[in-house]
Q: 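To start, I am sharing the structure in question, which I have written as structure tokens.
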Amino acid sequence: MKVIRNGLLLVAVLALCLLSFEGLTRVFLDDGMLYELEMWKYATDVKVRDPQPDIGHRHRSGAQQQLMGVSVRTNSLGLRSPEIDQPAKPGVARIAFVGDSITLGWGVAEQETFANRVLDALTKAGRKVDGFNLGVGNYNTTQELALYRKVGARLKPDIIVLAYFINDAEPMPLYLDTTWLDRNSAGWNVLRYRLDTVSRTFGETPDWKKYYRDLYAPNAAGWEETRKALGNFAAEARQTGAKLIVFNIPELRELKPYPFGDITDKVRAVIERDKVPFVDLLPSVESVDPRTLWVTVPDPHPNGKADAYFAKGMLPEITSLLDGLCRDQGKGC
């Protein structure tokens, strides 16, 4: 009986400690700007699993959550955009913005994302345009293509803006069954993230530079799949008559000198092989202090200031494509 009592006491103490840790996490750590907690909220409140293997996850329709200090809402198609006419109004050129969390605008107010800034600038310049944001966090290029085919293509865009980031060459994620703690415990998610950080700092987990470089190693599975997806994006655009343009978003931790110029060149070669325009946006930000471009100091996602620079870098190329549409189809004039 003594052993049982001691065992029950131990269980009770552990449960009390865990409950206390959970309470402390939610009261003192959850200030709305803690990266790991905000990503957890995004995963549980905005995302939903998709049974299609090359999509894996997508946004819920009609989701709304406050993340990293800004409102993230999705429309009936799960896009971070207002509802959109189907089809576009006569004479209107439609622009699809495709990408990952950077295109989504992680930590950036909807109106300050580069997608919204570009559309707003074009509208103010008198161009007849509309568009939508197909960005989803934690996507690679294969998933971006699959979601575009499933959701974006039916909206019949005239221009496809693919925002490429260096980690878009990641392999397809493993969608393991989540535990109750994964889904419900803020404290557990903070602890797991911090343990991973310690592993990356002191253990055998590669640091961020090595991690990115390994994605592009010879025969790396993710990069091979990404190359195919980029080629298929070009084919998809040709088949539907859309104009595809790819903008390279630089990694913002180090800008001058930039440590991944060779990887940018490797991506450029794949894209230009299909006669698709490729524009590196590094020149738009390389003279700026990198830390002023981050959502928070530990989170180097581009903030609203960075998105303003990116939008400015995108506008001349997109305007040129619109000029062609205006001449050939009378759209976007």
Side-chain angles (χ1 to χ4, degrees), residues 21-48 57-75 78-83 97 99-121 131-139 163 165 167 182-194 196-197 208 249-253 255 281 284-285 288-312 314:
F21 182 60
E22 182 72 15
L24 290 170
T25 299
R26 291 178 181 268
V27 172
F28 294 105
L29 295 182
D30 189 5
D31 61 353
M33 294 297 290
L34 190 63
Y35 174 79
E36 56 266 37
L37 279 182
E38 299 304 288
M39 275 291 184
W40 170 61
K41 295 173 191 175
Y42 176 51
T44 55
D45 297 340
V46 180
K47 289 182 182 178
V48 64
H57 69 272
R58 55 180 169 78
H59 291 155
R60 302 175 189 273
S61 63
Q64 177 127 18
Q65 179 59 277
Q66 194 79 5
L67 300 169
M68 298 301 292
V70 301
S71 174
V72 175
R73 63 184 177 92
T74 63
N75 65 16
L79 312 181
R80 194 184 184 195
S81 299
E83 299 294 342
F97 292 86
D100 58 12
S101 57
I102 293 174
T103 301
L104 166 72
W106 177 255
V108 179
E110 185 175 328
Q111 67 272 18
E112 295 181 357
T113 62
F114 59 71
N116 269 58
R117 288 179 185 272
V118 167
L119 292 170
D120 186 56
F132 57 93
N133 184 338
L134 205 62
V136 176
N138 307 108
Y139 260 19
F165 187 65
N167 71 352
D182 293 329
R183 296 188 300 271
N184 296 283
S185 175
W188 164 246
N189 281 278
V190 169
L191 179 61
R192 186 174 58 174
Y193 179 84
R194 297 304 167 93
D196 180 70
T197 301
W208 62 277
I249 306 292
E251 219 292 341
L252 294 180
R253 275 177 264 215
L255 292 174
L281 292 177
S284 67
V285 292
V288 183
D289 179 359
R291 292 195 171 208
T292 68
L293 302 174
W294 301 357
V295 171
T296 63
V297 170
D299 176 12
H301 273 87
N303 60 18
K305 177 181 176 180
D307 272 20
Y309 283 114
F310 293 154
K312 186 176 181 180
M314 291 176 172

Q: Going by salt bridge (Lys or Arg N to Asp or Glu O under 4.0 Å), name the residues that satisfy it together with E251, two or more places apart in sequence or in a different chain.
A: R253

Q: Rounded at 0.5 Å granularity, tell me how far CG in L293 sits from CG in D307.
A: 10.0 Å

Q: We want to know whether Q111 and N116 form a side-chain donor-acceptor pair, criterion being a heavy-atom distance below 3.5 angstrom.
A: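 There is no such pair (donor and acceptor under 3.5 Å, judged by atom type) between the side chains of Q111 and N116.
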
Q: Quick one: does N133's side chain have a donor or acceptor within less than 3.5 Å of a partner on S81's backbone?
A: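 Flag not set: sc N133 to bb S81 has no pair under 3.5 Å.
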
Q: Tell me, please, which residues at least two apart from Y139 pass ring-ring contact (aromatic ring centres under 6.0 Å, His included).
A: H57

Q: Can you see whether W106 engages D299 through a side-chain donor-acceptor pair at a distance of less than 3.5 angstrom?
A: yes

Q: Please report the shortest heavy-atom distance between Q64 and S71, naming the atom on each side.
A: NE2-OG, 3.1 Å

Q: How many angstroms lie between atom CE of M314 and atom OH of Y309, to the nearest 0.5 angstrom?
A: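 M314 atom CE to Y309 atom OH measures 15.5 Å (nearest 0.5 Å).
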
Q: So which atom in R117 and which in E112 form the shortest heavy-atom distance, rounded to 0.1 Å?
A: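 Heavy atoms of R117 and E112 come nearest at NE-O, 2.8 Å.
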
Q: If only atom types and distance count, is the side chain of T74 paired as donor or acceptor with the main-chain N or O of R60 below 3.5 Å?
A: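 Indeed, once roles are kept as given, a pair shorter than 3.5 Å links the two residues.
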
Q: Can you give me the closest heavy-atom contact between G105 and T113, atom names plus distance?
A: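 In this case the closest contact between G105 and T113 is CA-CG2, 3.9 Å.
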
Q: Treating D100 as the side-chain partner and N138 as the backbone partner, does any N or O pair qualify as donor plus acceptor under 3.5 Å?
A: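 No.
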
Q: How close do L104 and G137 get, heavy atom to heavy atom, and via which atoms?
A: CD2-N, 4.3 Å

Q: Not counting sequence neighbours, which residues clear ring-ring contact (aromatic ring centres under 6.0 Å, His included) with F165? List them please.
A: none

Q: Salt bridge (Lys or Arg N to Asp or Glu O under 4.0 Å): which pairs involve residues 65-74, sequence neighbours left out?
A: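 Qualifying pairs: R73-E110.
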
Q: Just to verify, what does K305 make a side chain to side chain donor-acceptor pair (under 3.5 Å) with, not counting sequence neighbours?
A: T292

Q: Applying salt bridge (Lys or Arg N to Asp or Glu O under 4.0 Å), name anything that partners K47, two or more places apart in sequence or on another chain.
A: none

